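Ligands are counted one by one from 1 in listed order, and the atoms in each one are counted from 1 as well. Because the structure is predicted, anything quoted here is derived from the model rather than measured.
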Amino acid sequence: QGKRGAADIVLYDRDQVAHPAHWLVVQAELRHALERDELVLHYQPKVRLADDEITGVEALVRWQHPVRGLLAPAEFLPAAEQSGLIEPLTAWVLRRALADQAGWAALGQRWPVAVNVSARNLEAAGFPQAVAGLLAEHGAAPGLLLLEITETALAGDAETAARAVLELTALGIGVAVDDFGIGYTSLSQLRTVPVAEIKIDRSFVTGLDGDPQNQAIVRSVIALAHGLGLRVTAEGVETPEVRAWLADAGCDDAQGYLFARPQAWPHLLDLVLHPRGS
Ligand code: C2E
Ligand code: CA
Ligand code: CA
Ligand code: CA
């Protein structure tokens, strides 16, 4: 915890007013949820456009709330980020994801797993070493772990974030820039931060066919990514038309409801056994 000056106290109070009292309840409950193992991970495949092969799966957290049912991340992640619970939450997600990865590896699928990390994780001292510790604990290969960092996280405390990314990649862990296009990543940052992949935000992708402006943006992001030697994934692909447009534009991978919704991992094996259209 940093020290708090008079000016910060005012901000802090204003924050409390701005956030519904509801968040405080969520925070208290989430603490118990972590202890009681009420969180679950759903996975969404990432598919290579050239041949429909699954090139990885992304872990997306949900909360199986005893009263409110299955909650989406938007309903509790803000409370976690605000309270510092995001650190144990990310550790839980990493543990669960690495354990699940061992499960599908045992069934013959060497899928890399992608985990979303927040700016706060990246800025925490010792985060890369903590991830390395979890990998060792699970006997997992660093090259089969991809951490997705939003553009906004890279734009925050750019120096701390860049250092963390350097340390992670030195450990052999992959890093992707998530939600690309809606934040403020400068091009020079992409040059200095050694990321492996760019994920184009779904807001540019979903209605892409018939939207010349988004087409222009997506084309230039693909060119930019390839110019820097990075892979590019389009999120939010929902229709065959968008899929075809992206394949034509040279996009590497795609994710979206067209291929599969996020789901418990054993269901993904059905996708492999019964590919779409067969
Ligand atoms: P994201 O990382 O951009 O994940 C993609 C989101 O888009 C997911 O929402 C996914 O269910 C949804 N999605 C995937 N394909 C489609 C599609 O074709 N159409 C539409 N309309 N939506 C699609 P979800 O699971 O609600 O997650 C929302 C966000 O919460 C994620 O956005 C990510 O930023 C965050 N998040 C999820 N899990 C974690 C986690 O374990 N840790 C952290 N720090 N953040 C997480
Ligand atoms: Ca993501
Ligand atoms: Ca995203
Ligand atoms: Ca997003």
Side-chain angles (χ1 to χ4, degrees), residues 30 33-34 38-47 56-64 70-98 100 112-124 127 131 134 145-154 156 161 164 174-183 185 195-209 218 221 231-243 246 253-265 267-268 271 276:
L30 188 54
L34 280 163
E38 289 173 3
L39 301 184
V40 290
L41 291 186
H42 282 181
Y43 293 92
Q44 188 179 39
K46 186 167 72 175
V47 172
V57 294
E58 177 176 2
L60 294 158
V61 71
R62 277 94 182 86
W63 179 1
Q64 188 63 63
L70 194 67
L71 303 182
E75 298 188 67
F76 58 93
L77 276 182
E81 306 237 353
Q82 214 200 338
S83 60
L85 278 175
I86 192 68
E87 295 189 33
L89 186 145
T90 300
W92 183 91
V93 171
L94 280 164
R95 277 208 174 85
R96 182 77 258 154
L98 294 173
D100 288 346
V113 69
V115 168
N116 294 283
V117 301
S118 78
R120 239 180 124 146
N121 295 133
L122 220 53
E123 285 162 14
F127 178 70
V131 177
L134 291 174
L145 175 65
L146 186 72
L147 298 180
E148 299 194 358
I149 295 162
T150 61
E151 226 196 320
T152 338
L154 282 181
V175 174
V177 183
D178 205 353
D179 298 352
F180 190 80
I182 57 171
T185 315
V195 298
E197 179 179 327
I198 286 177
K199 300 187 77 176
I200 307 177
D201 192 68
R202 142 176 127 225
S203 59
F204 300 104
V205 174
T206 304
L208 188 62
D209 50 325
V218 171
V221 173
R231 281 188 82 76
V232 58
T233 298
E235 321 180 305
V237 178
E238 296 182 357
T239 64
E241 289 76 19
V242 169
R243 187 215 131 92
L246 288 164
D253 293 334
Q255 243 180 301
Y257 294 167
L258 173 68
F259 305 99
R261 294 197 173 239
Q263 52 202 302
W265 75 259
H267 295 295
L268 296 180
L271 293 175
R276 284 171 315 111

For ligand 1, indicate whether the residue Leu60 contacts it via side chain, backbone, both or neither (heavy-atom separation under 4.0 Å).
-> both
Atom CZ in Phe76, atom CG in Leu85: separation rounded to 0.5 Å?
-> 11.5 Å
Could you name the option among Gln263, Glu238, Gln255 that has the heavy atom nearest to atom 19 (N) of ligand 1?
-> Glu238
With sequence neighbours left out, write down each residue that passes side-chain hydrogen bond (donor to acceptor under 3.5 Å, both in side chains) with Ser118, or none if nothing qualifies.
-> Asn121
How about Arg96 and Val61: do any of their side-chain heavy atoms sit closer than 4.5 Å?
-> no
Side-chain heavy-atom pair Val205, Glu235 within 4.5 angstrom cut-off = no
Give the contacting part of Arg202 toward ligand 1: side chain, backbone, both or neither, where contact means a heavy-atom distance below 4.0 Å.
-> side chain
Hey, is His42 touching ligand 1 through its side chain, its backbone, both or neither, going by heavy atoms under 4.0 Å?
-> neither
Measure the shortest side-chain to side-chain distance between Asp100 and Val113 over non-hydrogen atoms and say whether it is less than 4.5 angstrom.
-> no
3.0 Å cut-off (strict), protein N, O or S atoms about the Ca ion (ligand 2) | 4
Heavy-atom proximity to atom 18 (O) of ligand 1, picking from Phe76, Trp92, Tyr257, Phe259, points to Tyr257
Would you indicate which of Leu77, Asp178, Leu39, Val61 comes nearest to atom 36 (N) of ligand 1 when only heavy atoms are counted?
-> Leu77
Hey, does Leu145 have a side-chain heavy atom less than 4.5 Å from the side chain of Val131?
-> yes
Counting heavy atoms under 4.0 Å, the part of Gln44 that contacts ligand 1 is side chain
Does the side chain of Glu197 come under 3.5 Å of the side chain of Thr233 through a donor N or O and an acceptor N or O?
-> yes
Judged by non-hydrogen atoms, does Glu58 sit under 4.0 Å from ligand 1?
-> yes
Take every heavy atom of Pro262, measure it against each atom of ligand 1, and state whether any distance is under 4.0 Å.
-> yes
Can you list the steps and then say if Val93 with Leu39 is a side-chain contact (heavy atoms from CB on, under 4.5 Å)?
-> CA-CA 9 Å; Val93 171; Leu39 301 184; 5.6 Å; no
Enumerated ligand 1 atoms positioned under 4.0 Å from heavy atoms of Glu235 = 3 (O)
Roughly how far apart are Thr90 OG1 and Arg120 CZ, rounded to 0.5 Å?
-> 10.5 Å
If we only count N/O pairs under 3.5 Å, is Glu148 in contact with ligand 1?
-> no
Counting each atom of ligand 1 from 1 as listed, which ones have a heavy atom of Val237 under 4.0 Å away?
-> 18 (O)
Give yes or no for whether the N/O distance cutoff of 3.5 Å, strictly under, is met between Asn116 and ligand 1.
-> yes
Going by the order shown, which atoms of ligand 1 are within less than 4.0 Å of some heavy atom of Asp179?
-> 3 (O)
Going by heavy-atom distance to atom 28 (C) of ligand 1, choose the closest among Pro73, Gly256, Pro78, Gly236.
-> Pro73
Val93 heavy atoms, cut-off 4.0 Å: which ligand 1 atoms fall inside?
-> 41 (O)
Output, in order, the C-alpha distance, side-chain angles, deciding distance and verdict of side-chain contact (heavy atoms from CB on, under 4.5 Å) for Trp265 and Leu41.
-> CA-CA 8 Å; Trp265 75 259; Leu41 291 186; over 6 Å; no
Looking at side-chain heavy atoms only, is the closest gap between Thr150 and Ile182 below 4.5 Å?
-> no
